[in-house]
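Each chain gets a letter, A, B and so on, in the order its sequence line appears, and its residues count up from 1. Just so it is clear, the values below take in all heavy atoms, side chains as well, and ignore hydrogens, waters and symmetry mates.
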Amino acid sequence: MSAASGDMMAVAAARALSDGQSCFVGIGAPSTAANLARATHAPRLALIYESGCIGSKPTRLPLSIGDGELAETADAVVPVPEIFAYWLQPGRIDVGFLGAAQLDRFANLNSTVIGSYRVPTTRLPGAGGAPEIAGCCKQVLVMIRQSRRSFVSQLDFRTSVGFGDGPGDRARLGLRGGGPAMVITDLGVLVPDPDSCELVLTRIHPGVEPDDVRAATGWDLQVSADLSRTEAPTEEELAALRRLQQAEEVPVAGR
Amino acid sequence: MSAASGDMMAVAAARALSDGQSCFVGIGAPSTAANLARATHAPRLALIYESGCIGSKPTRLPLSIGDGELAETADAVVPVPEIFAYWLQPGRIDVGFLGAAQLDRFANLNSTVIGSYRVPTTRLPGAGGAPEIAGCCKQVLVMIRQSRRSFVSQLDFRTSVGFGDGPGDRARLGLRGGGPAMVITDLGVLVPDPDSCELVLTRIHPGVEPDDVRAATGWDLQVSADLSRTEAPTEEELAALRRLQQAEEVPVAGR
Amino acid sequence: MGVIMPLSEAVESMVHDGDTVAMEGFTHLIPFAAGHEIIRQGRRHLTLVRLTPDLIFDQMIGMGCADKLVFSWGGNPGVGSLHRFRDAVERGWPHPLEIEEHSHAGLTARYVAGASGLPFAVLRGYAGTGLPGQTGTIATVTCPFTGEELAAVPALNPDVGIVHAQQADREGNVQMWGITGVQKETILASSRSLVTVEEVVDRLELRPGGVIIPSWVVGAVAHAPGGSRPSYAAGYYPRDNDFYQAWDPISRERDTFSGWMRDHVLQAVPS
Amino acid sequence: MGVIMPLSEAVESMVHDGDTVAMEGFTHLIPFAAGHEIIRQGRRHLTLVRLTPDLIFDQMIGMGCADKLVFSWGGNPGVGSLHRFRDAVERGWPHPLEIEEHSHAGLTARYVAGASGLPFAVLRGYAGTGLPGQTGTIATVTCPFTGEELAAVPALNPDVGIVHAQQADREGNVQMWGITGVQKETILASSRSLVTVEEVVDRLELRPGGVIIPSWVVGAVAHAPGGSRPSYAAGYYPRDNDFYQAWDPISRERDTFSGWMRDHVLQAVPS
């Protein structure tokens with residue numbers, strides 16, 4: 001993926017966040033997008049990391065979800081049992097950010113294994129907080145690079161639930177969060193059809209054509225009748241992104 | 001009850017505690033006894049109060065289990081959910097101290113109501129921590145003034161379990177703590193018979209005769225064949241007790 | 001979220017007749033000012049929830065605010081009885097009071113389940129006692145792994161949760177320290193939450209033992225200096241043990257109680 | 001209770017072949033020094049438990065200490081794969097590794113149940129995912145009040161729990177601050193517990209965000225300055241992000257890994 005398309009993906013995801021929301025953030029692309037939102041249009045976005053940091057305000061992109069700066073800049077740091085039981089589980093958090101290695105047409109995700117579980121071709125890191133983030137947050141945003149390897153007709157393993165096997169499945173499973181609201185890729189944006197729950201391409205990024213997206217999808221992709229085009233990253237957005245990416249590692253505050 | 005008999009009861013209870021033990025303390029007589037033990041032979045006794053204070057070292061007797069001094073002198077102050085879930089429930093605590101308005105021959109206790117529950121003659125404060133203290137601590141010490149009103153053949157209400165209806169009942173109820181090890185009154189000391197679980201008078205305090213104790217018991221009291229006599233309070237014990245009782249209320253430390 | 005407003009306004013907008021109202025603070029930081037404001041505004045038919053009703057619920061019950069009490073220890077700590085609570089339970093004055101009685105561990109577990117978005121909590125408790133026979137909200141559950149039977153209690157999710165804390169900042173973030181009881185759980189378990197504070201500061205400085213509650217889970221904050229007297233606020237003022245002892249004769253008779261409430265609460269200026 | 005002893009002695013007396021060993025520290029305070037001592041002492045057939053295996057378990061797995069891994073996220077944070085973990089799972093090197101896989105929320109709940117003396121924990125989790133089909137320690141339980149079905153996981157009670165903290169006093173009371181993860185639960189849930197610390201002080205001063213663990217629930221304390229490098233200890237040293245990145249090439253091939261372990265762990269002087 002080119003740097004430009006990576007930037008577009010981060011910017012598109014950042015734009016999907018509103019000021020004042022609470023956002024459960026994983027490391028990597030989601031953290032970049034959430035911090036970009038904080039640095040631009042959503043200064044009061046409350047970032048929550050599963051390490052127990054609530055309201056972190058990092059000035060640089062953390063390498064891990066437990067970096068010292070996340071704790072030092074947090075409104076509160078709570079034990080890990082509390083972050084899951086008191087904060088994530090009750091559905092207090094507006095937006096959960098997820099990435100994955102594989103995604104299917106119902107936005108179910110696989111970050112566990114490629115191949116069979118017992119005899120894997122590639123063993124991936126696994127679930128982490130994903131199953132409960134996907135189940136409990138009011139809405140979920142997925143960030144994933146789009147290709148036939150990642151957009152598959154059949155997941156090798158279901159690590160977290162989007163819309164399961166289709167309409168009504170989340171309710172049957174007792175999942176109280178709203179599920180995936182948007183899938184943001186390096187090519188465009190997909191949203192679930194309100195009736196079928198299947199992902200529909202609604203926006204394409206600058207320089208991308210619908211056929212490029214179809215070619216990068218492992219199923220017969222639905223494309224919205226009023227397909228729109230993502231506005232290119234503004235100077236301000238790109239400048240803020242550079243600042244976050246270039247900020248130096250600062251040592252942990254002294255005792 | 002005379003001051004002297006109250007002192008004897010506190011001293012006898014304090015003597016039942018060993019240095020280095022952990023002790024779950026309620027307010028009133030138990031707190032007096034536990035702090036007396038700390039001030040005399042058990043300086044490393046760890047006092048735990050249900051308000052969340054662990055290892056409190058008060059210099060005066062607190063009026064409530066949440067007094068400021070208990071928190072200020074504690075090794076750790078934890079939230080109330082933690083004190084019950086992580087500290088009391090797993091059976092980490094050696095000794096639980098309980099008092100009550102009524103006690104029966106199996107050392108079951110009532111601190112809930114005199115008369116019927118729905119139409120009480122006297123509504124008492126109720127359970128507080130008692131049911132779980134009685135169930136979970138490795139052993140339980142009961143402090144109660146002895147009379148036909150308090151030592152009854154039938155409780156009006158069972159607030160906490162001693163040995164239930166007799167041998168095997170604690171196991172049947174899933175209670176993992178050892179149950180009552182000793183009942184300390186203003187007249188003497190009773191311990192459960194290892195076979196029948198029924199309380200047996202094993203010691204009488206100075207100036208008390210077995211018939212005095214029988215007369216103050218609402219059932220046919222068993223008296224041990226080798227009944228012993230409690231050693232009178234020493235000067236050191238009485239002096240320490242006075243210091244605790246006379247210590248002044250100190251204001252909460254400033255900010 | 002965490003809007004700072006006058007106490008009278010907060011109570012008026014958040015506490016309604018018939019609500020289930022939890023007011024916590026374990027000996028420390030008991031929200032007396034908020035309770036007195038609820039009395040002054042004449043709220044009725046409340047279900048009041050507290051581990052230890054303490055003097056604040058004795059006063060609210062005696063003034064007729066409550067139809068029901070959910071509690072686990074109803075005494076005057078270190079002193080004796082809560083006479084207004086007893087009068088209501090024993091003789092139905094000023095009107096009958098329904099009670100739902102738990103142990104501390106059980107009622108605490110209900111708050112935890114409520115704050116956790118779970119329908120129930122599991123604990124080792126109640127077995128062999130008379131409580132399950134009197135309290136409908138005690139059941140059992142079987143461990144799916146060991147087959148062991150344990151006690152279960154339903155989540156507690158009050159309409160309103162009220163606590164007192166030492167500090168809030170101007171955004172409505174709250175800090176409390178010392179004995180923090182079940183206050184965080186009360187805020188997180190309740191549909192609406194009100195925090196009265198000793199002082200409003202420009203910036204919260206995390207203290208040893210400090211618990212911070214972010215503004216976005218707090219409903220309203222009201223500045224109420226001395227708001228937990230005669231209980232105490234660590235770092236601000238000690239517990240007024242003399243008043244807890246004085247409350248015994250004041251509250252023993254209906255007339256002396258009513259007179260005291262008239263002079264000290266009803267005619268007091270709302271904070 | 002909180003006896004202070006050399007790390008080598010503590011590991012020798014507390015960690016035995018075949019034990020279930022939990023080593024926690026969520027990104028922060030990861031007990032590397034203790035893990036390296038276990039490697040040096042050649043422990044075998046261990047069941048290792050950690051939410052995030054991280055580099056420390058990658059090293060212990062690669063050195064053949066583990067027969068089984070209980071975990072919930074097995075990556076190199078911000079970098080990519082744990083190559084030794086993958087080599088064991090994908091190709092059985094140095095020998096096959098049995099895995100028991102959970103989500104963070106589920107494994108955390110297992111620690112909480114273990115610390116609480118309960119046989120199981122309840123959570124909203126796992127529903128609809130592939131995990132219950134692969135992991136035997138995931139079941140369901142029905143709420144006795146609402147009839148709702150929820151996930152249940154069994155309590156986790158390791159033979160040994162090992163964590164790293166900033167300070168201990170000479171009586172073995174421990175203080176940690178910053179991100180404290182599931183460290184308290186690990187100590188309280190385990191039959192034996194070992195805490196390595198940055199420094200031993202005469203008297204613990206409670207700090208903002210400080211968590212104190214009383215000596216009488218701690219098994220042993222070992223002085224191990226720098227004992228959580230290359231992770232970090234708030235107030236002592238930052239995370240060595242460069243090393244986390246350097247670990248990727250070091251660990252990718254078996255030979256480079258073995259050489260690095262020989263030079264930097266096996267031949268290192270025990271602290």
Side-chain angles (χ1 to χ4, degrees), chain A residues 17-25 34 38 42-49 52-57 68 70-96 129 131-138 173-178 253 255, chain C residues 1-3 108-123 155-158 161 165 167-177 180 182-193 195 201-219 221:
Chain A
L17 297 168
S18 309
D19 199 16
Q21 286 186 314
S22 54
C23 181
F24 205 95
V25 187
R38 260 192 63 250
R44 297 172 63 85
L45 184 68
L47 305 189
I48 294 137
Y49 290 81
C53 301
I54 300 174
S56 295
K57 302 162 196 67
L70 296 179
E72 291 151 27
T73 62
D75 293 327
V77 180
V78 302
V80 164
E82 180 178 325
I83 205 76
F84 289 112
Y86 286 8
W87 297 85
L88 178 60
Q89 183 168 261
R92 285 180 214 292
I93 298 175
D94 297 316
V95 180
E132 291 73 30
I133 293 169
C136 300
C137 290
K138 289 179 188 147
L173 293 167
L175 303 178
R176 303 196 303 176
R255 304 146 57 188
Chain C
M1 309 317 257
V3 185
T108 297
R110 295 191 60 192
Y111 277 113
V112 169
S116 302
L118 292 173
F120 74 109
V122 178
L123 72 153
L156 184 64
N157 290 104
Q167 300 176 330
D169 65 18
R170 307 199 183 281
E171 280 63 52
N173 299 293
V174 169
Q175 177 169 222
M176 59 182 77
W177 63 86
T180 57
V182 293
Q183 284 100 300
K184 181 186 272 189
E185 290 73 19
T186 299
I187 290 172
L188 295 179
S190 300
S191 309
R192 303 185 291 280
S193 65
V195 182
V201 299
D202 291 328
R203 190 167 163 287
L204 290 179
E205 196 64 51
L206 181 62
R207 297 171 50 98
V211 173
I212 302 266
I213 301 177
S215 174
W216 55 277
V217 293
V218 174
V221 170

Measure the spacing between CG of C/L206 and CG of A/D75 and express it to the nearest 0.5 Å.
-> 11.0 Å
Heavy atoms of C/L188 and A/R92 approach each other most closely as O-NH2, 2.9 Å
Any idea which heavy atoms bring C/S116 and A/P90 closest together, and the distance?
-> C-CG, 3.7 Å
Among all residues two or more places apart in sequence or in another chain, which pass the side chain to side chain contact (heavy atoms under 4.5 Å, CB included) test with C/S190?
-> C/P158, C/T186
Find the distance between CZ (A/R44) and CH2 (C/W216) and round it off to the nearest 0.5 Å.
-> 13.0 Å
Could you pull out the closest heavy-atom pair between C/P214 and A/I54, with the gap in Å?
-> CG-CG2, 3.9 Å
Assert top hit (heavy-atom pairs under 4.5 Å, partner chain A, pool C/G210, C/G117, C/A115) equals C/A115
Please look at A/V77 and chain C and tell me whether the side chain, the backbone, both or neither of the residue comes under 4.5 angstrom of a heavy atom of that chain.
-> neither
If one checks every heavy atom of C/V211 against chain A at 4.5 Å, the contacting part turns out to be neither
Do any pairs count as a salt bridge (Lys or Arg N to Asp or Glu O under 4.0 Å) and have a residue in residues 77-87 of chain A, sequence neighbours left out, and if so which ones?
-> A/E82-C/K184
Quick one: what part of A/A46 sits under 4.5 Å from any heavy atom of chain C, side chain, backbone, both or neither?
-> side chain
